[in-house]
There are 2 protein chains.
Amino acid sequence: MPAAAVGRGFDGYGRRFGRKGPKPEAPFAAGRRGVFWEILPSGAFPIDIRPLEENRVSEPAQGPDFAKGGGLLPAIAQDAETGEVLMLAYMNAESYAETLATGRAVYFSRSRNKLWRKGEESGNVQQVRSIYVDCDADTILLKVHQIGGAACHEGYSSCFFRQVTPGGLQTIGQRLFDPAQVYKKS
Amino acid sequence: MPAAAVGRGFDGYGRRFGRKGPKPEAPFAAGRRGVFWEILPSGAFPIDIRPLEENRVSEPAQGPDFAKGGGLLPAIAQDAETGEVLMLAYMNAESYAETLATGRAVYFSRSRNKLWRKGEESGNVQQVRSIYVDCDADTILLKVHQIGGAACHEGYSSCFFRQVTPGGLQTIGQRLFDPAQVYKKS
């Protein structure tokens, strides 16, 4: 985890830290609705997501403890309606804050080393219905509504479309789209 | 991830590597039933779990690619009946092989740096119903039957018993047992 990726972000009150210059446009300005924190004005979501080292022994009451994962925590996306586990990706404090602020799942891509606004290319965004943290505050669970029905870049509803069997991996999912049609190569 | 922890294990055919001496007793000898690979003789589960570097570009057809996670991959446990996401833990090749061999979830504890036979102390073992890998073969999904009803050491059915809300974390789970009664301190 490069230091640059965790050294900037939002402080949970909509204030940015670690980067100068004008605040960029919200990545998903249109079409968001129905998540609970929208009862608050934009940027006012009152959860302090900063890792609180001094709170470690007692309750990590405020949210995920990104310091535990060296800045990155695994985040599970589960279909809010069906309960299907869709995918696992990673979040840093900035992607978590942007998820809260926009109501759409934003991850941190370890391979591309930058924010990954899920659905940015395919249109298959994830509308976040609710967020949970585990007992150790080092794993995040998102219940989402998956636009397009397919979370996986391979075209399946879930990334877990292959089952381990005595005969090898067996594809158990139905392909909903053709990746070649959705992800145009430039 | 210490090299020692990934340098030994099973090769997927029940043959051990990286450690000399007699094969230890299976940790869960009694009471296992009903998982699909038990149609095969013990130790004959024919999936080669060795990370196949040369297969990376094509299909990682054989199973989880532990090399991708530096030896450790995240494993999600989901209740096979209700679909509830119970917990996230980590597996190395050895814990994965033991999970296959015993039909009970075995993880690798990062804090204790050793195999973690889930339920060893509490009795709340996880009987594995089916196993899936994701598109990148770097995350494992287990569908399990949770003995005792509670996966979390805090006494909740799921480790994700706290929801992120504008007012802070809110406990949404019902406690099924008192941790002080289950985990006796020596």
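Order of the sequence lines fixes the chain letters, A, B, ..., with proteins taken first and strands second; residue numbering starts at 1 for each chain.
- Between A:Gln62 and B:Leu169 the shortest side-chain heavy-atom distance does not fall below 4.5 Å.
- Contact annotation for residues 150-159 of chain B against chain A (heavy-atom separation below 4.5 Å, listed by residue number): B:Cys152, B:His153, B:Glu154, B:Cys159.
- Side-chain contact of A:Gln163 with A:Gln170: a donor-acceptor pair under 3.5 Å is absent, judged by distance alone.
- For a residue to count as touching a neighbouring chain, one of its non-hydrogen atoms must lie under 4.5 Å from one of that chain's; by this rule B:Ile172 touches chain A with the side chain only.
- Checked against side-chain contact (heavy atoms from CB on, under 4.5 Å), B:Asp138 has the following partners two or more places apart in sequence or in another chain: A:Arg110, B:Lys68, B:Leu73, B:Asp134, B:Asp136.
- Using a 4.5 Å heavy-atom cutoff, the side chains of A:Leu88 and B:Pro74 are in contact.
- In this structure A:Glu81 satisfies the side chain to side chain donor-acceptor pair (under 3.5 Å) test together with A:His145, sequence neighbours excluded.
- A:Tyr107 is linked by a ring-ring contact (aromatic ring centres under 6.0 Å, His included) to A:Trp116, counting only residues two or more places apart in sequence or in another chain.
- Of the possible polar contacts, one joining the A:Gln78 side chain to the A:Gly83 backbone as a donor-acceptor pair under 3.5 Å is found.
- For B:Ile76, the part sitting under 4.5 Å from any heavy atom of chain A is the side chain, from C-beta outward, and nothing else.
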